[in-house]
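Every chain is numbered from 1 and lettered A, B, ... according to where its sequence line falls, protein lines coming before strand lines. Computed from a prediction, not measured in an experiment: that's the story for all the values here.
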Amino acid sequence: MPELPEVETTRRGIAAHLTGERVTNVTVREPRLRWRVPRALARELPDQRIAAVRRRAKYLLLDTHAGSAIVHLGMSGSLRIVPAGTAVRAHDHVDIAFDSGQVLRFNDPRRFGTLLWTRSDPLRHRLLVHLGPEPLEFNFDGAYLHEASRGRRAPVKSFLMDGNVVVGVGNIYANEALHLAGIHPAREAGRVSRARYDVLAGTVKQVLSNAIERGGTTLRDFLSADGEPGYFQLDLLAYERKGEPCRKCGTRIKRLVIGQRSSYYCPRCQR
DNA sequence: CAACGGACCTGCCTGC
DNA sequence: TGCAGGCAGGTCCGTT
């Protein structure tokens, strides 16, 4: 469910409530997430203060003096800030309570999400250490994409969604960025020119920045930590628009499966 | 190495 | 109404 803009929206929402607050209690109702929630989390997080809430790729990092909680929302996860005593609903797997009287509540119907605890630098954790650059940082550009794609025969859309190449670009925003760049999603990554990668790097930044500004994309169920929906779905040009007219040329948007993921594109604008 | 398919889960929607 | 099948915003892992 959440891609970079939804995770960043969540980060901003929880950081405002949690930074500097002290954890009083951790309740794990269902530890069976993507990986089992370690017992050390409930043992070592209480009494710690949240020094910072960071994001790396689609991971959220809750830093304390003793260690960091590593959170990933998977396909269906969400974090909400609720007052202590708020009724527990289905799939409310973990609560982290604070002395402010607020609770950070992790809900995840599909349980593809992650909640881990590390005493050392979370950026060196095995799940994070191999990640590619952040798409909104200056070191992500057309030159980088062009260089990284040489010899790659996979579709450019799969290449763009590969977290070792660049992080945070999921299915919605890969479709949107390729549409804006006029690149066919099935084109071989190694056969896209430097000039077109310059354009693509720009459209990736553009689409992610705009989506963050709009508070993310709410298609089915995404809500921010404060319970607000996003609005970027109003700006979608390709994603889930099969059969609808391209907003630029009027040609019907097509759907194609690439790497087991739905891909939407305009057969006229994208080559 | 790069590429691919399967795996992990629940919920919602469509069509018979 | 029930049930099967397909689909969903992610990504790791084992096999080619």
Sugar-phosphate only, base, or nothing, as touched by [X] at under 4.0 Å among non-hydrogen atoms:
{"X": "Phe232(A)", "answer": "nothing"}
{"X": "Tyr173(A)", "answer": "nothing"}
{"X": "Arg152(A)", "answer": "sugar-phosphate"}
{"X": "Ser158(A)", "answer": "nothing"}
{"X": "Asp108(A)", "answer": "nothing"}
{"X": "Arg220(A)", "answer": "base"}
{"X": "Ile172(A)", "answer": "sugar-phosphate"}

Lys/Arg-Asp/Glu bridge criterion (N-O < 4.0 Å) met for Asp92(A), Arg29(A): no
Is any NZ, NE, NH1 or NH2 atom of the basic residue among Glu134(A) and Arg56(A) found under 4.0 Å from an Asp or Glu carboxylate oxygen of the other? yes
Distance between P atoms of dG5(B) and dC7(C) (Å, rounded): 15 Å
Work out how far the C1' atom of dG9(C) is from that of dA3(B), and round it to whole angstrom.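 Straight-line distance between the two C1' atoms is 23 Å.
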Paired and unpaired positions of DNA chain B as dot-bracket, Watson-Crick or G-U wobble under 3.5 Å, | denoting a partner strand: .|||||||.|||||||
Taking atom [atom2] of [N] as reference, at what distance in whole Å does atom [atom1] of [X] sit?
{"X": "Asn171(A)", "N": "dC7(C)", "atom1": "CG", "atom2": "P", "result": "13 Å"}
{"X": "Gln260(A)", "N": "dG10(C)", "atom1": "CD", "atom2": "C1'", "result": "12 Å"}
{"X": "Asp221(A)", "N": "dG10(C)", "atom1": "CG", "atom2": "P", "result": "12 Å"}
{"X": "Leu4(A)", "N": "dG9(C)", "atom1": "CG", "atom2": "C1'", "result": "12 Å"}
{"X": "Arg126(A)", "N": "dC12(C)", "atom1": "CZ", "atom2": "P", "result": "8 Å"}
{"X": "Met161(A)", "N": "dG9(C)", "atom1": "CE", "atom2": "C1'", "result": "9 Å"}
{"X": "Arg111(A)", "N": "dA8(C)", "atom1": "CZ", "atom2": "C1'", "result": "17 Å"}
{"X": "Leu128(A)", "N": "dC12(C)", "atom1": "CG", "atom2": "C1'", "result": "13 Å"}

Heavy atoms of chain A, cut-off under 4.0 Å: which first and last nucleotide of DNA chain B, 5' to 3', fall inside that, if you could look? dA2(B) to dG11(B)
Within a strict 4.5 Å, meaning less than it, do heavy atoms of the [X] and [Y] side chains meet?
{"X": "Phe140(A)", "Y": "Val167(A)", "result": "no"}
{"X": "Leu73(A)", "Y": "Asp108(A)", "result": "no"}
{"X": "Leu236(A)", "Y": "Glu176(A)", "result": "yes"}

CZ (Arg150(A)) with more than 12 external heavy atoms under 6.0 Å: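 Check passes, neighbour count above 12.
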Keeping the roles fixed (side chain from Thr19(A), backbone from Ala16(A)), state whether a donor-acceptor pair exists under 3.5 Å. no
Of Arg255(A) and Arg261(A), the one whose closest nucleotide on DNA chain C sits nearer the 5' end is Arg255(A)
Starting at the 5' end of DNA chain C, which residue's closest nucleotide do you reach first, Leu127(A) or Glu6(A)?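 The 5'-side residue here is Glu6(A).
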Measure the acute angle between the ring planes of His93(A) and Phe106(A), then classify it against the limits of 30° and 60° as parallel, tilted or perpendicular. tilted
Could you identify which residues cluster with Leu256(A), counting Ile, Leu, Val, Met, Phe, Trp and Tyr as linked when any side-chain heavy atoms lie under 4.5 Å apart, either directly or through a chain of such contacts? Ile258(A), Tyr265(A)
Under 5.5 Å between ring centres and under 30° between planes: true for Phe112(A) and the base of dG10(C)?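 Stacked: centres under 5.5 Å apart, planes under 30°.
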Just to confirm, is there a sub-4.0 Å distance from OP1 or OP2 of dA8(C) to any side-chain nitrogen or oxygen of Ser262(A)?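 Yes.
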Have a look at Val204(A) and tell me which of Leu136(A), Val169(A), Leu145(A), Val166(A) forms a side-chain contact (heavy atoms from CB on, under 4.5 Å) with it.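 That would be Val169(A).
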same_hphob_cluster(Ile70(A), Ile50(A)) at 4.5 Å side-chain heavy-atom cutoff: no
